Amino acid sequence: MLQVREVGSDTKLAVLTAPFSLENEESDSKYRAPNLIQRILSLLSSVRPGSDLTRLQLPPQFNIPKSQLQCYGESLYSTNSDMLTKCSNEETPLGRFVSVVAWSISTLRPLPFGLAPYNPILGETHHVSRGTLNVLLEQVSHHPPVTALQATDDRNNIEMIWCQSPLPRFHGTYIETEVLGERRLNILDKRETYTMNSPKLVIRFFPLPGVDWLGNVKIRCEESGIEAELCYRGNSFLPRPSIHRSVKGKIFMSSTSKTLYEVSGHWDRTVIVKDVSTRKTTTVYDAKEALHRLKTPIVKDPKAVLESESSVVWGEVSEAILEKSWGKAKEIKTCIEEKQREAARERKSRQKQDEEEEDYIPKYFTVSHSKENGWSCVPNNKLVPTAPIVVND
């Protein structure tokens, strides 16, 4: 954990905690999650199966000390393997596609059972750099929750644009979160765009409590005519190590459906691809190597940290959670949420007075929504600038 106070102005507290890594690893975070299934079910006792949980307000005891924006960002800037650079540096379209598949698998992280990040407030941002990779996120809608992401690496000709909208639903014995929206990875000098979706996040209470990434993911590059279909699986009723956190799929040509590689393994262990023509296997992802002792971001330039930065918005709440001062955490969190509700009421009131006034205009993205295509975001700037918060190599 890192705390930073800016001297000479209003106190600004930024709290940054260790990124998610493999469960058995030591963490520099002082926070340890309470494993309280009965309290979780008590919290959900008045919720009907099938209900949307996006408006559910969690007590601080059920929060990890970081925002959902930080969780999205960590999947890009918190890794020990420079897999993005490999995507750009591979010489052939097929080599690049295999690297993109491996990178997409690396964005999955093990999550703590029974806990959830803060639901970002409207206009909240998260801006972090690692080397030449600069990552910027903005919460562009609160209800429904929509997060826009832009990441650029000018040296390696990489750009990423995500527009994510999580939709959690309660199903009695489990919660299933569908992550709506498309992720795009552009390799600019190769003029290739890779589009992909996210697996679903499932929190299961019975019979085996746990958190799993499940479902089907499709990755496609229109320029090369190559696609991949991946299926993520997990435990259901009995523990099955061979199935738990497994990924299986294929890489194939779009035009002929001819399989080029078979993909198999476990996203928290290793993943291999097998060339169907030569039967040669290659390890393309090693989770232990990529997610071992990940470094916590640090504040390099305190004066440049924005008031909208996630680690500042929730800084005092996170500090109280880490100290297990639950009453204080609840009071501060309630204050933040009430300020957001008041701001929403003011925008609604202004809208009634001026019909042409927009509800909310994001600062870093132009956002649109349609019934056919869902949410879409376009960055307002070509490149993400260097951030005041960094991850040191």
Side-chain angles (χ1 to χ4, degrees), residues 16 19-20 66-89 96 99-109 117 120 124-140 146-166 179 181-198 219 221 290-291 294-298 300 304-306 308-311 362-367 375-393:
L16 296 157
F20 293 126
K66 64 182 67 188
S67 169
Q68 181 63 63
L69 266 64
Q70 293 169 278
C71 295
Y72 286 142
E74 284 179 4
S75 67
L76 296 186
Y77 60 70
S78 289
T79 177
N80 292 322
S81 301
D82 195 359
M83 303 184 72
L84 272 173
T85 299
K86 189 175 181 181
C87 294
S88 176
N89 290 344
R96 289 191 292 275
S99 294
V100 169
V101 169
W103 168 79
S104 74
I105 294 170
S106 78
T107 62
L108 300 183
R109 304 297 162 90
E124 182 179 328
T125 61
H126 185 50
H127 188 195
V128 176
S129 293
R130 177 176 180 171
T132 55
L133 176 67
N134 303 314
V135 182
L136 175 66
L137 300 99
E138 181 179 10
Q139 192 70 6
V140 297
V146 180
T147 302
L149 175 149
Q150 180 190 17
T152 58
D153 185 335
D154 196 31
R155 186 181 69 183
N156 292 299
N157 296 293
I158 289 173
E159 177 189 51
M160 282 166 285
I161 301 172
W162 296 3
C163 197
Q164 306 281 190
S165 180
V179 185
E182 185 178 74
R183 300 178 174 183
R184 297 202 313 273
L185 168 61
N186 300 320
I187 301 180
L188 301 174
D189 60 331
K190 307 298 191 303
R191 297 184 179 180
E192 291 176 343
T193 296
Y194 299 81
T195 59
M196 63 203 77
N197 63 307
S198 169
I219 304 172
C221 178
L291 306 181
L294 298 178
K295 294 181 179 179
T296 302
I298 63 171
K300 184 177 181 180
V305 177
L306 299 176
S308 60
E309 160 63 39
S310 295
S311 58
K363 184 176 181 180
Y364 300 104
F365 297 87
T366 299
V367 180
W375 291 89
S376 175
C377 63
V378 177
N380 293 338
N381 298 299
K382 182 180 179 181
L383 295 174
V384 176
T386 302
I389 298 175
V390 301
V391 179
N392 290 324
D393 291 325

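Numbers here are sequence positions counted from 1. Owing to the predicted nature of the structure, the values given are computational and were not obtained by experimental measurement.
Within 6.0 Å of NZ in Lys300 there are 12 or fewer heavy atoms belonging to other residues, nucleotides or ligands. More than 12 heavy atoms of other residues, nucleotides or ligands sit less than 6.0 Å from atom CG of Asn89.
Here Lys295 contributes atom NZ and Asn392 contributes atom CG; the two are 6.5 Å apart, rounded to the nearest 0.5 Å. Interatomic distance, Asp153 CG to Ser88 OG, rounded to the nearest 0.5 Å: 8.0 Å. Rounded to the nearest 0.5 Å, atoms OG1 (Thr193) and CZ (Arg184) are 7.0 Å apart. Atoms CH2 and NZ, from Trp103 and Lys86 in turn, are 15.0 Å apart once rounded to the nearest 0.5 Å.
The side-chain contact (heavy atoms from CB on, under 4.5 Å) test with Thr85 singles out one residue from Leu133, Thr132, Asn156, and that residue is Asn156. Each of Gln139, Glu124, Gln68 was evaluated against Thr147; a single residue qualifies, Gln139, per the side-chain hydrogen bond (donor to acceptor under 3.5 Å, both in side chains) test.
Screening residues 382-392 for salt bridge (charged side-chain N to carboxylate O under 4.0 Å, His left out), with sequence neighbours left out, gives no hits. Legend: salt bridge (charged side-chain N to carboxylate O under 4.0 Å, His left out) pairs involving residues 131-140, not counting sequence neighbours: none detected. Sorted by first and then second residue, the salt bridge (charged side-chain N to carboxylate O under 4.0 Å, His left out) pairs involving residues 383-393 (not counting sequence neighbours) are Arg130-Asp393.
Applying the ring-ring contact (aromatic ring centres under 6.0 Å, His included) criterion to Tyr77, with sequence neighbours excluded, gives His126. For Glu159, there are no salt bridge (charged side-chain N to carboxylate O under 4.0 Å, His left out) partners at least two apart in sequence or on another chain. Qualifying ring-ring contact (aromatic ring centres under 6.0 Å, His included) partners for Trp375, counting only residues two or more places apart in sequence or in other chains: His369.
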Please walk me through it: do Thr386 and Ser129 pass side-chain hydrogen bond (donor to acceptor under 3.5 Å, both in side chains)? CA-CA 6 Å; Thr386 302; Ser129 293; 5.0 Å; no
